[in-house]
Amino acid sequence: MLLSCVVADAWFLLAPVDTGLDIRLYWLVQPPMDVALSLLSQRVSRLPGLPVPARRFWNLMVLAGVLFAAGDTTQAVVAMTGQADLAARPGLVQQACVILGTGVLLLWLVFHPTGMGSRWAWLSFWLDGVTMMAAAAVFVWYFSFPPAMDTRAAAGAVLGSGVLLVAVSAMVKLILSGASPMTPGPAIAAGAGAVVQWILTNLAPVPHQPALLRGELAARMLASVLIVAAPRIQQRQAASRPGGNSPRRERAYGRVPYLMLLATYALVVLLLPSAMTMRDWGTIAGVVLVTGLILLRQLATFTDNARLLQELVASLTELGEQERRFRSLVQHATEITFVLTATGTITYSSPAITRVLGIKPEAAVGRTVHELLHPMDLTAAKDALDQLLRSHGQPVTSQLRMRHADGSVRWLEVVSTDLRDEPSVGGIVCNARDVTEARMLQDRLREQASRDALTRLANRLHFEEYLSALRVGVSGEKQLAILLIDLDDFKRLNDAYGHHVGDQALVMVANRLRDCVRPGDTIARIGGDEFVVLLPGADAEKAQEIAARISRGIAAATVIDGRALRITASIGMAVGAARDARALLRSADVSMYDRKFRRQHGLPSRAYP
């Protein structure tokens with residue numbers, strides 16, 4: 001098809017002038033080109049991934065091609081029947097088909113959605129559109145209506161101008177909104193072809209001179225080639241870019257209305273009479289210059305505003321990405337982030353509170369942190385808050401117990417920072433992590449380190465720590481009684497019945513000691529069969545009473561592994577000032593060995609000192 005058009009154009013430019021043959025050749029080539037437009041448009045309409053509005057446009061282009069082919073075929077019939085002169089200009093049927101086909105496309109363009117969102121965008125769109133349409137109407141009026149024109153020519157000019165204005169309005173809409181059904185390449189080709197066709201239809205001289213007619217036919221042929229090439233270019237571009245066309249970047253302002261203003265000024269200058277004086281021309285030049293300078297200043301301002309707007313959009317985009325990144329980190333963080341007021345009211349809680357305490361973040365906001373704390377840690381939390389308010393922005397670390405929604409207790413390590421002076425925060429930021437397992441492990445290790453593994457009484461290490469606290473007065477006790485207990489002949493019991501019986505005997509003794517002492521007294525196992533009881537605040541009479549109760553309790557009947565055993569103990573006692581705890585322990589040790597010696601030799605026991 002392209003080769004046929006090239007051959008036809010070569011004929012128009014090089015062959016001897018034959019008006020009748022030229023017209024027949026032109027109309028012979030036109031219908032196949034219209035069919036090609038329809039077929040190529042159908043291929044584009046079937047491209048995968050094509051938006052629905054664009055697919056409708058190309059389907060209408062198929063219909064327009066059919067109407068163009070029908071009109072051009074009637075004109076070709078007229079030319080082939082020997083009426084070449086009548087076919088030199090488009091006939092009524094051909095014009096009706098072209099107008100109908102063009103009208104179908106223009107109707108779609110007029111009602112095609114622009115995608116304008118804000119009210120300001122709509123206002124700018126319509127102001128720019130009306131400006132461009134007014135300028136286009138000026139040019140159409142000037143070129144379509146020469147000074148001398150008959151009635152038929154005027155009617156045709158009015159019809160053609162109306163169609164052109166509708167076409168211009170549709171194109172203005174697509175230019176300003178950026179919602180074009182085709183990419184810039186095919187749009188430029190089709191638009192150029194349509195403009196050339198309109199110029200030749202409305203501005204070509206009638207009657208035709210043979211040489212001018214051949215130039216017009218060649219130009220019309222080239223315009224038809226441009227229009228037919230549009231769907232082909234669109235198809236090739238879609239094949240080279242399977243992902244679709246890149247969306248057009250929206251401009252912050254439009255330059256086309258200003259160009260149209262300058263164009264209308266140029267037309268006004270063109271219409272000025274030649275008899276104007278130098279003063280008149282200077283005034284007109286000054287007006288044009290002032291207007292041009294104002295337009296340049298306005299465009300410079302718009303350009304700078306567009307640059308600032310792009311920087312602002314880039315900054316907001318980066319800020320949005322950072323916010324999304326921060327939210328993602330907070331959403332998946334294992335630590336709870338609280339923001340509190342100075343009175344402890346929660347103003348923000350991260351989603352981690354649901355995983356740690358079983359509470360939804362929105363349910364925590366508005367509550368005081370004291371509602372979540374274990375009652376025994378309220379004082380510690382208040383002390384930590386007071387320390388934080390005096391820390392001048394330095395972080396404060398504390399470990400507090402908080403209640404889970406299921407009633408259990410969680411240990412949290414809380415790092416608090418006072419950021420009330422930060423405008424973006426305006427509160428106390430607390431980062432809390434769950435240390436329950438670590439705290440339980442720590443407590444177990446401490447328990448194991450301070451407890452006897454067999455009897456679960458305090459061991460020697462814990463006993464020594466307690467004595468040191470008594471010696472320096474940490475406990476606040478002023479008087480102390482110490483009972484030192486040693487089981488009689490325990491080695492013989494181990495040798496006779498085995499260590500498992502001896503271990504059970506020691507556990508039994510530990511349980512009986514617990515039953516004999518007061519709340520707050522301390523019992524420790526400091527050797528294999530040696531125990532010590534610390535009686536804070538007890539006098540000699542109370543200590544003797546407890547010693548007698550212990551002696552009776554240990555000597556009570558005991559059955560282990562079916563064997564009736566009798567276990568006795570020698571008890572030494574010392575009473576004195578708590579700060580002399582180690583001296584009292586030595587006195588109790590002397591007293592215990594004295595009583596053991598007298599028991600072994602049948603001597604009467606001395607009274608406790």
Side-chain angles (χ1 to χ4, degrees), residues 1-13 15 18-46 57-106 108 156 159-160 163 167 182 186 189-202 204 208 213-235:
M1 183 57 61
L2 179 61
L3 180 60
S4 301
C5 295
V6 171
V7 172
D9 278 339
W11 171 271
F12 294 143
L13 297 175
D18 187 343
T19 303
L21 182 59
D22 294 341
I23 294 175
R24 293 187 184 94
L25 178 61
Y26 172 78
W27 290 113
L28 185 64
V29 176
Q30 279 297 320
M33 293 185 65
D34 297 331
V35 173
L37 174 64
S38 182
L39 293 176
L40 292 174
S41 300
Q42 186 179 30
R43 291 183 182 180
V44 176
S45 68
R46 294 179 179 178
F57 170 81
W58 288 106
N59 285 328
L60 292 176
M61 184 68 83
V62 174
L63 176 59
V66 172
L67 292 173
F68 296 160
D72 291 344
T73 300
T74 60
Q75 200 74 1
V77 171
V78 173
M80 294 304 172
T81 55
Q83 304 179 52
D85 293 338
L86 294 177
R89 299 289 290 177
L92 292 178
V93 176
Q94 194 271 347
Q95 285 186 337
C97 291
V98 171
I99 292 174
L100 183 59
T102 306
V104 170
L105 297 176
L106 294 180
W108 180 90
L159 181 60
V163 172
M182 60 180 71
V195 170
V196 170
Q197 289 283 16
W198 176 82
I199 292 175
L200 294 175
T201 300
N202 292 275
H208 296 283
L213 178 60
R214 299 194 80 177
E216 178 186 346
L217 295 177
R220 285 182 179 275
M221 186 70 68
L222 178 60
S224 299
V225 171
L226 291 175
I227 294 174
V228 174
R232 179 58 179 165
I233 297 173
Q234 183 73 28
Q235 184 182 9

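When reading the values below, keep in mind they use all heavy atoms of this one structure, side chains included, and skip hydrogens, waters and symmetry mates.
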Can you give me every donor-acceptor pair (side chain of residues 62-70, partner residue at least two apart or in another chain, under 3.5 Å) with its distance?
none

Pairs under 3.5 angstrom only: tabulate donor-acceptor contacts from the side chains of residues 189-196 to other protein residues two or more places apart or in another chain.
none

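Evaluation of the side-chain contact (heavy atoms from CB on, under 4.5 Å) rule for Leu39 yields Val35, Gln42 as partners, not counting sequence neighbours. For Thr74, there are no side chain to side chain donor-acceptor pair (under 3.5 Å) partners at least two apart in sequence or on another chain.
Shown here for Val228 and Met33, the closest heavy-atom pair between the two residues is CG2-O, 3.4 Å. Residues Val44 and Pro231 share a closest heavy-atom pair of CG2-O, 3.2 Å. Minimum heavy-atom separation, Ser224 to Gln30: OG-NE2, 3.1 Å.
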Begin with the C-alpha distance, continue with both residues' side-chain angles, and end with the deciding distance and a verdict on side chain to side chain contact (heavy atoms under 4.5 Å, CB included) for Met61 and Leu40. CA-CA 9 Å; Met61 184 68 83; Leu40 292 174; over 6 Å; no
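Identified under the side-chain hydrogen bond (donor to acceptor under 3.5 Å, both in side chains) test for residues 32-41, with sequence neighbours left out: none.
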